[in-house]
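Below is one structure; the comments refer to it alone.
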Amino acid sequence: MSAAPDITAHLLAWFDRHGRHDLPWQHPRTPYRVWLSEIMLQQTQVSVVAGYFERFVAALPDLPALARAPQDEVLALWSGLGYYARARHLHTAAKLCLERHGGELPHDLDALIALPGIGRSTAGAILAQAWGDPAPILDGNVKRVLCRVFGIEGWPGQPVVEKRLWAIAESLLPPTRLADWTQAQMDFGATLCTRANPACALCPLQDVCVARRDGRIADLPAPKPGKPLPQREAHLLLAEDGEGRVLLQRRPPTGVWAGLWSLPQLDDAAQARAWFCDHLRGDASATQALLPIEHAFSHYRLRLHPLRARVEGLKPRIADNDGLRWARRAELSAIGLPAPIRKLLQEQTA
DNA sequence: AACTCGGGGAC
DNA sequence: GTCCCAGAGTT
């Protein structure tokens, strides 16, 4: 674990050289423009927001103009950005600012959070960027960076993890340069400590990063737990003849492993036995069940139950065609096999 | 704590 | 195709 002053100092120095200093909402950086940009940037990437932001502030350049605008105009300016509740909340909040705060954005954490569309992180970003207040933020960038630098386990969206991240974010606040600090964290996460393939070799925190130290850059932050994938079962027939050859069957032209050579695959044990009796000469009762193979697809998990058997050959009626072939072990490396099948064959014929 | 809300970019 | 993105509000 490293000291907070080191992290902030390194990150601010990095920001001075490599941060983004020319974003549209930075010039001029007024509370209204900061607010609008933060709302637009919720769950939306900078490159997408930039054009919408410029169009929006050209039409509605300040808070009173937004408050006076009809909702249809606000929604039209938002059209294409998505999450349209953001636009409605923005509009409502502007009108509330006229009533409650003299037509300006309140310079106060609780008053900001009381406005629709502004949560703790957006409020912190507004306070820090518009007024230089020592307020933490916790967006996707900061979550990712903190999980890596401090080696935080668990999905960052989980409330208990989020609570811990807020505490760390609070503890890192530097005594000065709060606007730059806020922007530095986001620029760092967005351009260097990226989700995939972070540029660790260029990282100012590479010597203090726990994930880097432990070789766990790819594992942190933990991904959102997905819904459990459906589990399917299938049975494989690993049939070997007297010459040590293995019987392969070509996969159908559609579906998983389409067109690859694999082992005869059946839905259940009874069908596997029936297939054996239909196609093979040998003792169907003298088979050896091997340990199941687990394989994950994007949309389901497949548990394969291999059944190993010594056979004399194919039945006379079954020609060595229609998707069946015998393969010597030495040939296997040149045949297109599914990865789990190749692994199984390597283990079983080694 | 889980769900909803959009559209797009990166892979 | 999946996952995520400068999250917040609702249930």
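Chain letters run A, B, ... following the sequence lines, proteins first and then strands; every chain starts at 1.
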Side chain to side chain contact (heavy atoms under 4.5 Å, CB included) partners for [X], two or more places apart:
X	result
Glu104(A)	none
Glu99(A)	Leu96(A)
Pro70(A)	Glu73(A)
Asp180(A)	Leu12(A), Phe15(A), Arg177(A)

[X]: salt bridge (charged side-chain N to carboxylate O under 4.0 Å, His left out) partners, not counting sequence neighbours:
X	result
Arg281(A)	Glu312(A)
Glu331(A)	Arg325(A)
Lys343(A)	Glu347(A)
Arg328(A)	none

With 3.5 Å as the limit, what N/O pairs link the protein to nucleotides 9-11 of chain C?
from, atom 1, to, atom 2, distance (Å)
dG9(C), OP1, Gly117(A), N, 2.5

C1' atoms of dC4(C) and dG6(B), separation to the nearest Å: 13 Å
Does any pair with a residue in residues 42-57 of chain A pass salt bridge (Lys or Arg N to Asp or Glu O under 4.0 Å), and if so which ones, sequence neighbours excluded? none
Please work out which residues in residues 176-190 of chain A have a non-hydrogen atom less than 4.0 Å from an atom of DNA chain C and list them by number. Gln183(A), Met186(A)
Contact letters for nucleotides 5-11 of chain B, in which S counts primed atoms plus P, OP1 and OP2 and B counts the base, heavy atoms under 4.0 Å: BBBBB--
dC5(C), OP1 or OP2 - any side-chain N/O from Arg144(A) closer than 4.0 Å? yes
